[in-house]
S.K.: 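Sending over a structure as structure tokens; questions will come in a sec.
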Amino acid sequence: MDHIVTLDSRQEAALQAVADKFVALHKGDTMKALKEMIVLNGRLQEQIDASSAPHRVTR
């Protein structure tokens, strides 16, 4: 991990609310929610990597 984020109590409460909604979306199955989050993060990282990769110029 490159960066550690410190949250204040308001940010922590907002994050907890979002996490609760995400788990509720998966009918309370935290493992299923975690697995989906890992997949989503992987896809986002692939998009970031693709957009930041040097572009080749073709003629």
Side-chain angles (χ1 to χ4, degrees):
M1 218 165 213
D2 307 272
H3 185 75
I4 296 174
V5 176
T6 303
L7 304 176
D8 63 30
S9 60
R10 180 187 54 81
Q11 292 168 318
E12 179 65 35
L15 181 60
Q16 185 65 50
V18 171
D20 290 342
K21 286 180 187 177
F22 193 76
V23 172
L25 207 78
H26 294 84
K27 298 177 175 53
D29 187 338
T30 54
M31 189 55 66
K32 186 175 179 182
L34 177 60
K35 288 176 182 178
E36 182 171 342
M37 183 62 65
I38 291 168
V39 169
L40 291 172
N41 285 341
R43 288 180 186 159
L44 289 172
Q45 188 61 55
E46 288 173 359
Q47 290 176 359
I48 291 168
D49 292 344
S51 69
S52 64
H55 297 286
R56 290 189 292 169
V57 177
T58 57
R59 293 183 186 208

S.K.: With sequence neighbours left out, which residue pairs that include part of residues 27-50 fulfil the ring-ring contact (aromatic ring centres under 6.0 Å, His included) condition?
M.R.: none

S.K.: With a cut-off of 3.5 Å and sequence neighbours excluded, list every side-chain donor-acceptor pair involving residues 10-20.
M.R.:
| from | atom 1 | to | atom 2 | distance (Å) |
| --- | --- | --- | --- | --- |
| Gln11 | OE1 | Asp8 | N | 2.9 |
| Gln16 | NE2 | Asp20 | OD1 | 2.9 |

S.K.: Measuring from atom CE of Met31 to atom NZ of Lys35, what distance do you get when rounded to the nearest 0.5 angstrom?
M.R.: 6.5 Å

S.K.: Among residues two or more places apart or on two chains, list those pairs meeting ring-ring contact (aromatic ring centres under 6.0 Å, His included) that have a residue in residues 26-54.
M.R.: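 Those involving residues 26-54 are Phe22-His26.
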
S.K.: Ignoring hydrogens and angles, write down the donor-acceptor pairs under 3.5 Å from the side chains of residues 41-50, residues two or more places apart or on other chains.
M.R.:
| from | atom 1 | to | atom 2 | distance (Å) |
| --- | --- | --- | --- | --- |
| Asn41 | ND2 | Met37 | O | 3.4 |
| Gln45 | NE2 | Asp49 | OD1 | 2.8 |

S.K.: Running the 4.5 Å side-chain criterion over Ile, Leu, Val, Met, Phe, Trp and Tyr, what cluster does Leu25 land in, apart from itself?
M.R.: none

